[in-house]
Amino acid sequence: MILSELLDYETLRIIWWVLIGVLLIGFAAMDGFDLGIGTLLPFIGKTDVERRVIINTIGPIWEGNQVWLVVAGASLFAAWPPLYAVSFSGFYLAMFLIIFALILRPVGFKYRSKRESQSWRSGWDWALFIGGFVPALIFGVAVGNVLQGVPFRFNDDLQIFYDGSFFGLLNPFALLCGVLSVTMLAMHGAAWLTLKTTGELQTRARAYGSTAALATLILYILAGIISWLWISGYRITSAIVTDGPSNPLRKTVELDPGAWFVNYASHPVLLIAPALGILGALAVLITLRSGREVAPLLFGKLSIFGIISSVGVSMFPFILPSSTDPRSSLTVWDSSSSHLTLFIMLVVTLIFLPLIVIYTSWVYKVLWGKVDKDMIEDESNHAY
């Protein structure tokens with residue numbers, strides 16, 4: 001209990017805000033190239049064998065990569081209950097579409113090659129495309145809406161009311177963020193294919209990856225400019241209690257143009273985040289064109305880290321702003337679980353997260369190497 005006393009409520013809230021960011025970035029960096037490869041599958045793979053090669057570059061590892069999403073969702077439920085309740089109920093239809101699309105992946109992997117029919121295999125290829133494209137798009141759309149504020153509110157009894165609709169989420173700025181998410185993960189997927197394939201397939205992966213990297217660079221800068229000029233952020237105007245009970249109604253909040261850039265002005269070191277997002281994508285473009293294999297994948301992860309973390313540091317301490325009732329906005333200081341819950345979860349995380357990282361590293365080491373036509377046609381490999 002001595003450690004529990006050293007880690008006060010405010011510190012634990014900050015730690016869990018960082019950990020949620022780590023889990024989300026981990027999902028995008030690890031499972032992100034799986035989604036990107038699904039998006040690129042019908043376009044890079046010109047023949048059945050090539051598409052089987054593409055699928056088998058991720059077939060043995062995608063389930064482990066998706067653990068990051070499962071852990072992130074469970075952590076939201078336990079560490080930030082109001083955030084989980086608002087997002088998973090308000091975005092219910094969007095979440096349903098993501099889950100439906102993700103379900104298509106294991107089904108597609110298992111059933112695609114069970115029949116020789118060209119139409120059968122082509123249908124599953126497009127199902128795998130949906131399984132990659134739809135989650136990538138909707139995750140980006142969700143982030144775009146969070147930056148603008150989500151239409152929800154609490155009454156005096158802290159009952160949640162969501163006043164929006166699914167189609168209301170599909171506004172221009174949110175769709176821009178959605179397309180940015182798609183290009184970012186496609187860039188990452190192409191970098192993985194460059195590392196894992198050879199010949200014409202690798203050449204096509206470089207070409208598509210270069211295009212996706214350039215698009216990511218342009219769209220990210222454009223989203224930043226639009227955020228600066230037209231998107232109003234949120235600002236707390238009352239006294240901030242960092243270690244009080246989780247009640248979002250105990251504050252006052254107002255919209256403030258440029259508020260999402262205040263943290264950068266106050267702490268210039270935070271500019272590292274958007275700089276990494278831009279320079280990482282640019283480095284992916286350069287290294288893909290120069291024929292490198294490992295570097296594009298590493299720089300892609302660096303770009304993903306910068307792009308996603310720039311959203312978090314821009315909004316801090318807000319986690320989910322409310323466009324209907326700004327006072328109901330959820331922040332780091334008023335939407336967490338209890339001090340004891342956060343401490344117990346931290347202990348569990350410090351035990352099991354390193355084990356996940358170690359196991360994942362071992363799996364990648366065992367499965368390291370190229371995937372080619374000979375490997376696919378060797379029946380002893382049990383390829384997809």
Side-chain angles (χ1 to χ4, degrees), residues 1-27 68 70-90 146 149-150 152-160 233-254 256 259-260 262-264 266-267 269-270 273 308-322 325-354 356:
M1 297 302 294
I2 296 178
L3 180 59
S4 176
E5 294 174 359
L6 291 175
L7 294 174
D8 56 37
Y9 204 7
E10 176 184 355
T11 302
L12 280 171
R13 282 169 161 167
I14 291 291
I15 289 173
W16 271 102
W17 175 78
V18 172
L19 281 175
I20 290 298
V22 169
L23 292 172
L24 293 176
I25 293 171
F27 165 68
W68 290 91
V70 176
V71 175
S75 298
L76 281 178
F77 172 77
W80 308 97
L83 173 62
Y84 180 91
V86 173
S87 57
F88 278 70
S89 58
V146 168
V150 177
F152 73 94
R153 55 189 169 84
F154 292 95
N155 64 12
D156 292 336
D157 297 321
L158 295 183
Q159 183 179 1
I160 301 170
Y234 291 72
R235 180 169 62 90
I236 299 175
T237 57
S238 58
I240 300 176
V241 179
T242 60
D243 58 356
S246 290
N247 185 342
L249 299 182
R250 295 186 176 185
K251 65 179 182 302
T252 57
V253 176
E254 66 179 22
D256 182 11
W260 290 154
V262 169
N263 287 339
Y264 295 115
S266 302
H267 307 283
V269 68
L270 296 177
I308 296 178
S309 61
S310 67
V311 175
V313 299
S314 296
M315 294 178 57
F316 185 86
F318 288 91
I319 302 177
L320 189 65
S322 169
D325 176 22
R327 186 180 62 144
S328 296
S329 299
L330 302 178
T331 73
V332 172
W333 314 124
D334 58 25
S335 57
S336 72
S337 294
S338 67
H339 178 276
L340 180 59
T341 300
L342 295 182
F343 175 73
I344 293 174
M345 288 179 58
L346 179 61
V347 173
V348 172
T349 301
L350 291 176
I351 294 172
F352 287 100
L353 188 59
I356 294 174

Novice: Report yes or no: do Asp8 and Thr11 form a side-chain donor-acceptor pair below 3.5 Å?
Specialist: yes
Novice: For Ser89, check side chain to side chain donor-acceptor pair (under 3.5 Å) against everything at least two apart and list the hits.
Specialist: none
Novice: By the side chain to side chain donor-acceptor pair (under 3.5 Å) test, which pairs, at least two apart or in different chains, include something from residues 15-26?
Specialist: none
Novice: Would you call Ser328 and Leu249 a side-chain contact if the rule is heavy atoms closer than 4.5 Å?
Specialist: yes
Novice: Going by heavy atoms in the side chains, are Pro321 and Trp260 under 4.5 Å from each other?
Specialist: yes
Novice: Where do Ser310 and Val313 come nearest, in terms of heavy atoms and distance?
Specialist: O-CG2, 3.5 Å
Novice: So which atom in Pro317 and which in Ile236 form the shortest heavy-atom distance, rounded to 0.1 Å?
Specialist: CG-CD1, 4.1 Å
Novice: Considering only NZ, NE, NH1 and NH2 on the basic side and carboxylate oxygens on the acidic side, decide whether Arg153 and Asp325 come within less than 4.0 Å.
Specialist: no
Novice: Considering non-hydrogen atoms only, spot the tightest contact between Val332 and Trp80 and give its length.
Specialist: O-CZ3, 3.5 Å
Novice: Side chains of Val146 and Met315: closer than 4.5 Å at any heavy-atom pair?
Specialist: yes
Novice: Looking only at heavy atoms, what is the nearest atom pair of Gly149 and Tyr234, with distance?
Specialist: CA-OH, 3.6 Å
Novice: Using 0.5 Å steps for rounding, measure from the CG atom of Leu346 to the OG1 atom of Thr341.
Specialist: 12.5 Å
Novice: Roughly how far apart are Met345 CE and Ile15 CD1, rounded to 0.5 Å?
Specialist: 12.0 Å
Novice: Looking only at non-hydrogen atoms, find the nearest pair between Ser75 and Leu23 and report the distance.
Specialist: OG-CD1, 3.4 Å
Novice: Under a 4.5 Å cut-off applied to non-hydrogen side-chain atoms, are Ile14 and Trp333 in contact?
Specialist: yes
Novice: Hey, does the side chain of Lys251 reach the backbone of Ala239 with a donor-acceptor pair shorter than 3.5 angstrom?
Specialist: no
Novice: Check whether any side-chain heavy atom of Tyr9 lies under 4.5 Å from a side-chain heavy atom of Ser246, and answer yes or no.
Specialist: yes
Novice: Could you tell me if the side chain of Asp256 sits less than 4.5 Å from the side chain of Thr237, heavy atoms only?
Specialist: no
Novice: If you round to the nearest 0.5 Å, how far is CD1 of Ile20 from CG of Leu83?
Specialist: 8.0 Å
Novice: Measure the CG-CG distance between Leu12 and Leu340 for me, rounded to the nearest 0.5 Å.
Specialist: 10.0 Å
Novice: How close do Ser336 and Arg13 get, counting heavy atoms only, and between which atoms?
Specialist: OG-NE, 2.8 Å
Novice: Which class fits the ring pair Phe77 and Tyr84: parallel under 30°, tilted 30 to 60°, perpendicular over 60°?
Specialist: perpendicular
Novice: So, do Ile25 and Ile308 sit near enough that their side-chain heavy atoms are less than 4.5 Å apart?
Specialist: yes
Novice: So do Ser322 and Ser329 actually touch side chain to side chain, heavy atoms under 4.5 Å?
Specialist: yes
Novice: Drop me the distance from Ile319's CD1 to Leu76's CG, to the nearest 0.5 angstrom.
Specialist: 9.0 Å
Novice: For Asp157, is there any backbone N or O sitting under 3.5 Å from a side-chain donor or acceptor partner on Asn155?
Specialist: yes
Novice: Quick one: do Val71 and Phe27 satisfy side chain to side chain contact (heavy atoms under 4.5 Å, CB included)? Show the steps, please.
Specialist: CA-CA 9 Å; Val71 175; Phe27 165 68; over 6 Å; no
Novice: Mind telling me whether Phe152 and Phe154 have parallel, tilted or perpendicular rings, with 30° and 60° as the class edges?
Specialist: perpendicular
Novice: Would you confirm whether Ser337, through its side chain, and Ala78, through its main-chain N or O, come within 3.5 Å as a donor-acceptor pair?
Specialist: yes
Novice: To the nearest 0.5 Å, what is the distance between CD1 on Ile351 and CD1 on Ile356?
Specialist: 12.0 Å
Novice: Taking atom CZ of Phe88 as the centre, report whether more than 12 heavy atoms of other residues, nucleotides or ligands fall under 6.0 Å from it.
Specialist: yes
